[in-house]
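What follows is a single structure, written as structure tokens, with notes after it.
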Amino acid sequence: MRKQRLVTMVAAGAAAVMTLSACGGGGGSSNNNNKGGGNPSATGPNAAIGKVFNPSDKKGGTLRMANAGDWDSLDPGDTYYAYSWNFIRLYGRSLMMFASAPGQDGAKLTPDLAESKGVPSEDLKTWTYKIRKGVKFDDGTPVTSKDVKYGVSRSLDKDTFPNGPTYFNEFLDLQGYTSPYKDSDPNGLGLKAIETPDDQTIVFKLKKPFADFDYFAGMPATMPVPKAKDDGTKYKEHVVSTGPYKFEKVELGKSFTLVRNTNWDQATDPNRKALPDKITMQLNVNADDLDNRLMSGDLDVDVVGSGVQPAAQAKILADPNLKNASDNPLSARLWYTNINGEVAPLDNIECRKAVEYAADRTGYQRAYGGNAGGEIASSLLPPIIPGAEKIDLYPSKDSAGDVDKAKEALTKCGQPNGFETNISYRAERPKEKATAESLQQSLGRVGIKLNIKPYPTGDYAKLYAGKPDFAKSNNLGLMVFGWAADWPNGFGFLKEITDSRNIKAAGNTNFSIKDPKVNDAIDKAMTEKDENARQKAWVDVDRKAMESAYALPGVVAKGLYYRPKNLTNVFITDGFSEYDYLALGVSG
């Protein structure tokens, strides 16, 4: 009964959906020609897409933020959520960063801790950066290149820090190096793939050419870490800041507070305004309560940045005043479900194809709030990624599923009457719960019985769905998930969720795609020098991933965001497909 009621509620919310673009503003940040600057008179739906809403340089006040789940980690070497990479710029400085700017300009790299972009060698295997002078840790200690090297080197240790990406593990010429904690060098700086000839210079040596290394230099792992303050997994409780804010208080799983870092010098930082005096973050807040607090003015930002829940969406779209304070951008983010080939009978491709055909993708879209929640997806690569092409290998009328095709596939895989498996989702995310319930209904039409299993968001990748042994032993045949591009191109979106060679013991972002043909296509795309040919090569990666049927695309995200009146300097950045947390201020 409870499940039925929720599905009905979601459907009712979807019925109320109207596209905000019909009421003013563009439908996506990438489609808006106004790429920057303030416009004090701009109001109404989508007023923070492609431009700054309520621009201000006024400092002071407290920015109040909340998260419906827990944080994966505050440690810059161990975090991999888009909202975390957006937020971490408030207390950490990486060599490069996404510019704090509206729309497409927010997806462009700009130097941060580095003085300028990286200088590559002719063969693209050596990259050199100069670190800005005058940057200090929050205790007043000057930052050196050795602190950056130490930060990167500890991020390589995936036993200690399982959450972060594996780009440095894969590309640096490690020569067997695994961790500073196993390093014979007394300072933990024995890593030969990174050189620090002086305090201002850092040199990265790769084992294979890579033209886009500046994107790697923008990852939080390049934020400096003082070795003397590092105590491994406990460092997340007292991260040392290099940004405009430092931690005043951290209560894991409950809350944390940032206050001004008096050793941050604006003269060394052209990218940050640092408007609020204080930033508070509450964790594990009920998602619907969080939305109600946003609309009542009791809270300023939902930090997860995936938009309000269906109940709040229905209220916002039905009320012109609330709707005028909302934004509905298309993003480089996909909500999808992994199909686990390690769990029988999904080790048979025909059984995986049965899932692809049976799924009612309109139900997936309703789970995310209908048209305002996203566009139905038929492959992994979102259409706003340059070069993306339409791929639909498992078509059905109105995207509602093809029951006959699904039954044919079940017969081919020796399961003509269907089978039983489990589906997991992140417990604090009602939209993912609604997704699991929708798939339970649509796959049930062909005899595929799904048992729904919620797991905590903060440990979803580390201990549950992203841990292959756990997923297999707990019969997680389907695993609901979402993915935002690390950066907006084929490599930045697809590499981490499709390359099976990066799958580790825990903390994965590729839960299911294990196909040598996909890996071969990735290698071809990465070595293609011509940009247009490279974009087509990534489309081939997308196609081969869909041919393997290890992933069920759901919805290309269009979150419905609510802008409380208290916020200043509000805009959607294409770098993260969220509000830019670095720019926000408060008026009250």
Could you tell me whether the side chain of [Y] reaches within less than 4.5 Å of the side chain of [X], counting heavy atoms only?
X: Phe481; Y: Leu334; answer: no
X: Leu189; Y: Lys149; answer: yes
X: Lys249; Y: Glu251; answer: yes
X: Ser331; Y: Lys558; answer: no
X: Asn508; Y: Lys467; answer: no
X: Lys136; Y: Thr242; answer: no

Side chains of [X] and [Y], donor plus acceptor under 3.5 Å:
X: Tyr167; Y: Asn502; result: no
X: Asn67; Y: Tyr83; result: yes
X: Asp78; Y: Tyr235; result: no
X: Tyr460; Y: Ser424; result: yes
X: Tyr177; Y: Asp157; result: no
X: Ser100; Y: Asp580; result: yes
X: Tyr245; Y: Asp138; result: no
X: Tyr579; Y: Asn569; result: no
X: Glu248; Y: Thr257; result: no
X: Ser296; Y: Asp298; result: no

Taking the six-membered ring where the residue is Trp, are the ring centres of [X] and [Y] under 6.0 Å apart?
X: Trp483; Y: Tyr80; result: yes
X: Trp264; Y: Tyr91; result: no
X: Phe210; Y: Trp127; result: no
X: Phe213; Y: Phe216; result: yes

Donor-acceptor check, side chain of [X] to backbone of [Y], threshold 3.5 angstrom: yes or no?
X: Lys278; Y: Val259; result: no
X: Asn566; Y: Gly297; result: no
X: Thr568; Y: Gly585; result: yes
X: Asp198; Y: Thr201; result: yes
X: Asn510; Y: Ile503; result: no
X: Ser326; Y: Pro45; result: no
X: Asn86; Y: Phe576; result: no
X: Lys146; Y: Val143; result: no
X: Lys431; Y: Val308; result: yes
X: Asp212; Y: Tyr215; result: no

Query - Smallest separation among heavy atoms of Val480 and Tyr425, with atom names - result: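 Answer, listing the atom of Val480 first, then Tyr425: CB-CB, 4.1 Å.
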Report summary line: Closest heavy-atom pair, Ser116 versus Tyr129, reported as atoms and distance to 0.1 Å, is O-CD2, 3.9 Å
Query - Worked verdict on Thr110 versus Asn271 for side-chain contact (heavy atoms from CB on, under 4.5 Å) - result: CA-CA 9 Å; Thr110 189; Asn271 300 310; 3.6 Å; yes
Can you tell me how far the [atom1] atom of [X] sits from the [atom2] atom of [Y], to the nearest 0.5 Å?
X: Glu578; Y: Ile572; atom1: CD; atom2: CD1; result: 8.0 Å
X: Gln313; Y: Leu317; atom1: CD; atom2: CG; result: 5.0 Å
X: Lys133; Y: Thr268; atom1: NZ; atom2: OG1; result: 13.5 Å
X: Asp469; Y: Leu463; atom1: CG; atom2: CG; result: 12.5 Å
X: Phe161; Y: Thr79; atom1: CZ; atom2: OG1; result: 12.5 Å
X: Leu90; Y: Met281; atom1: CG; atom2: CE; result: 8.5 Å

Report task. For the pair Thr435 and Trp335, evaluate side chain to side chain donor-acceptor pair (under 3.5 Å) and give the outcome as yes or no after the intermediate values. Result -> CA-CA 10 Å; Thr435 295; Trp335 304 116; over 6 Å; no
Requested in this report: Output, in order, the C-alpha distance, side-chain angles, deciding distance and verdict of side-chain contact (heavy atoms from CB on, under 4.5 Å) for Leu95 and Ile131.
Outcome: CA-CA 8 Å; Leu95 292 172; Ile131 293 174; 4.2 Å; yes
Salt-bridge test for [X] and [Y]: reply yes if a basic N is under 4.0 Å from a carboxylate O, no otherwise.
X: Arg260; Y: Asp277; value: yes
X: Glu432; Y: Arg426; value: yes
X: Asp327; Y: Arg563; value: yes
X: Lys227; Y: Asp230; value: no

Query - For Asp112, the option from Arg132, Arg89, Arg272 that meets salt bridge (charged side-chain N to carboxylate O under 4.0 Å, His left out) - result: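 Answer after filtering Arg132, Arg89, Arg272: Arg272.
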Requested in this report: Given side-chain contact (heavy atoms from CB on, under 4.5 Å), test Asp269 with Arg93 step by step and report yes or no.
Outcome: CA-CA 9 Å; Asp269 194 339; Arg93 298 183 65 179; 3.7 Å; yes
Query raised in the report: Should we count NZ of Lys117 as having more than 12 external heavy atoms under 6.0 Å?
Result: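 Atom NZ in Lys117 is not packed in, count stays at 12 or less.
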Report task. Take Thr141 and Asp139 through the side chain to side chain donor-acceptor pair (under 3.5 Å) test and state the conclusion after the steps. Result -> CA-CA 6 Å; Thr141 306; Asp139 64 358; 2.9 Å; yes
Report task. Evaluate the criterion side chain to side chain donor-acceptor pair (under 3.5 Å) for residue pair Asn169 and Thr166; output intermediate values, then yes/no. Result -> CA-CA 5 Å; Asn169 299 71; Thr166 58; 5.6 Å; no
Report task. Step by step, work out the side-chain contact (heavy atoms from CB on, under 4.5 Å) result for Asn292 and Lys315. Result -> CA-CA 10 Å; Asn292 289 331; Lys315 291 180 183 177; 3.4 Å; yes
**Report entry** Aromatic plane relationship, Phe168 with Phe204 - under 30° parallel, 30 to 60° tilted, over 60° perpendicular
**Finding:**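 The rings of Phe204 and Phe168 lie parallel, inter-plane angle below 30°.
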